[in-house]
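Heads up: the structure comes next, in structure tokens.
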Amino acid sequence: MKQLAIVNPFNAPVYHKEHVSSTMDISRDLASNGEPHGTVITVDYQETGRGRTKGRLWEMEKGSNLPFTILLRYPCLESIPAALTLRTGLAVALAVEDFIPFLAGRIVIKWPNDILIKCKGNDEMAHSALKAAGILVEAEDGNVHIGVGINISQNHFPPHLRDKATSISMAAGTAGITGSERFSLLEIILFRLHNEFGKTDSSGSDWKKNIEKRLYKNGEQVYFSDGMADSGTLVTGIIAGIGESGELLIVPNGESKVRSFITGELYL
């Protein structure tokens, strides 16, 4: 494991390995070894990058993407910032726009943990979006591990993902992004994360408003599965934004009041 010479505004090391099982596992090891708040582990390839739901894996080509985990330390669970996953998504979305301004206005946040890029093309495709990044947050006491996986220059996806996934380079119509450019994006993301989590919720942060501006299907009718994946409890209604803790707000069809959901699956 080597330390990258990139600027980390958290004043913590950014480590890199070529091949690991999971950056989340390495982050836990780093926490056990006393590494400070803001320590990052990034890799060229991880074998078992996992999604929010059990059994879902994040599949990536080696060297074509940016998987990393950042370790954040807080005194206790109660001191962890609200809506951590969505606010990480906001930081990633803003960083990608900084990195490739051409994509500004096309990057959206799909509740609760995905970054999508709106497609360009005919009228039908203009309303669709494909997944370019995913976020997984796990907390133990005051230690928080934020895992992020971003498709950078991958151009080919397995059959079951071809109509669901994209990469930054595919969406922008650019050539492949090199390894050093991947780390330039990582540096921008770290500055955006530091800016987001350096604030307190009482300091006037506009995170909720900024997320709702980019919230996928906000104000539109959606199909939503309440609770755990495949629960069978389907809600159809209009998204009405997010709550102060990051919960999804929906006005179900035939009802007048907003209902809030803390877990569930929003269908594309």
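The shown structure was predicted, so the numbers you read here are calculated from the model rather than taken from an experiment. Numbering of residues begins at 1 and proceeds along the displayed sequence. Hydrogens, waters and symmetry mates play no part in the numbers below; they use all other heavy atoms, side chains included.
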Output a table of donor-acceptor pairs, distance under 3.5 Å, between side-chain atoms of residues 66-82 and any protein atom two or more places apart or on a different chain; print 'none' if there are none.
residue, atom, partner, partner atom, Å
T69, OG1, T23, OG1, 2.6
R73, NE, E35, O, 2.8
R73, NH1, N143, OD1, 3.0
R73, NH2, A31, O, 2.7
R73, NH2, E35, O, 3.0
S79, OG, C76, N, 3.2
S79, OG, C76, O, 2.7

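In this structure, CH2 in W111 is found 10.0 Å from CG in L215, a value given to the nearest 0.5 Å. Here NE2 of H145 is found 11.5 Å from CD1 of I26. Values are rounded to the nearest 0.5 Å. One finds the CG atom of L90 at 11.0 Å from the CD1 atom of I107 (value rounded to the nearest 0.5 Å). The line from CZ of R214 to CD1 of I115 is 10.0 Å long, rounded to the nearest 0.5 Å. Remark: N195 CG to L190 CG distance equals 12.5 Å, nearest 0.5 Å. Going from atom OG1 of T263 over to atom CG of L248 covers 10.5 Å, rounded to the nearest 0.5 Å.
With sequence neighbours excluded, the residues that form a side-chain contact (heavy atoms from CB on, under 4.5 Å) with S260 are E247, L249. Considering only residues two or more places apart in sequence or on other chains, F10 meets the ring pair (Phe, Tyr, Trp, His ring centres under 6.0 Å) condition with H37, H194. By the side-chain contact (heavy atoms from CB on, under 4.5 Å) test, N253 is found to be paired with Q221, T236, residues two or more places apart in sequence or in another chain being considered. Take E187 and apply the side-chain contact (heavy atoms from CB on, under 4.5 Å) test, not counting sequence neighbours, and it matches I6, V7, F191. K209 meets the side-chain contact (heavy atoms from CB on, under 4.5 Å) test with D206, K213; sequence neighbours excluded.
No donor-acceptor pair closer than 3.5 Å links the side chain of R259 to the backbone N or O of P252. Judged purely by atom type and a 3.5 angstrom limit, D114 has no side-chain atom pairing as donor or acceptor with the backbone of G134. For R106 (side chain) and K118 (main-chain N/O), a donor-acceptor pair under 3.5 Å exists by modelled atom type. Between the side chain of E212 and the backbone N or O of I242, at least one donor-acceptor pair lies under 3.5 Å. Side chain of D226 to main chain of G264: no donor-acceptor pair is present (N/O by atom type, distance under 3.5 Å, no hydrogens or angles). Formation of a donor-acceptor pair under 3.5 Å by the K208 side chain with backbone atoms of E244 is not found in this model. Counting only distance, with no hydrogens or angles, the side chain of N113 and the backbone of L136 share no donor-acceptor pair below 3.5 Å. A distance-only check finds no donor-acceptor pair linking the side chain of S167 to the backbone of N151 [under 3.5 Å]. Looking only at distances, no side-chain donor or acceptor of N8 sits under 3.5 Å from a matching main-chain atom of V14.
Classification of D98 and R192 as a salt-bridged pair holds, one side-chain N sitting under 4.0 Å from a carboxylate O. Taking the charged nitrogens against the carboxylate oxygens, E140 and R28 do have a contact shorter than 4.0 Å, which makes a salt bridge.
Between Y267 and F224, a ring centre-to-centre spacing not shorter than 6.0 Å is recorded.
Crowding of H19 atom NE2: a count of heavy atoms from other residues, nucleotides or ligands under 6.0 Å exceeding 12.
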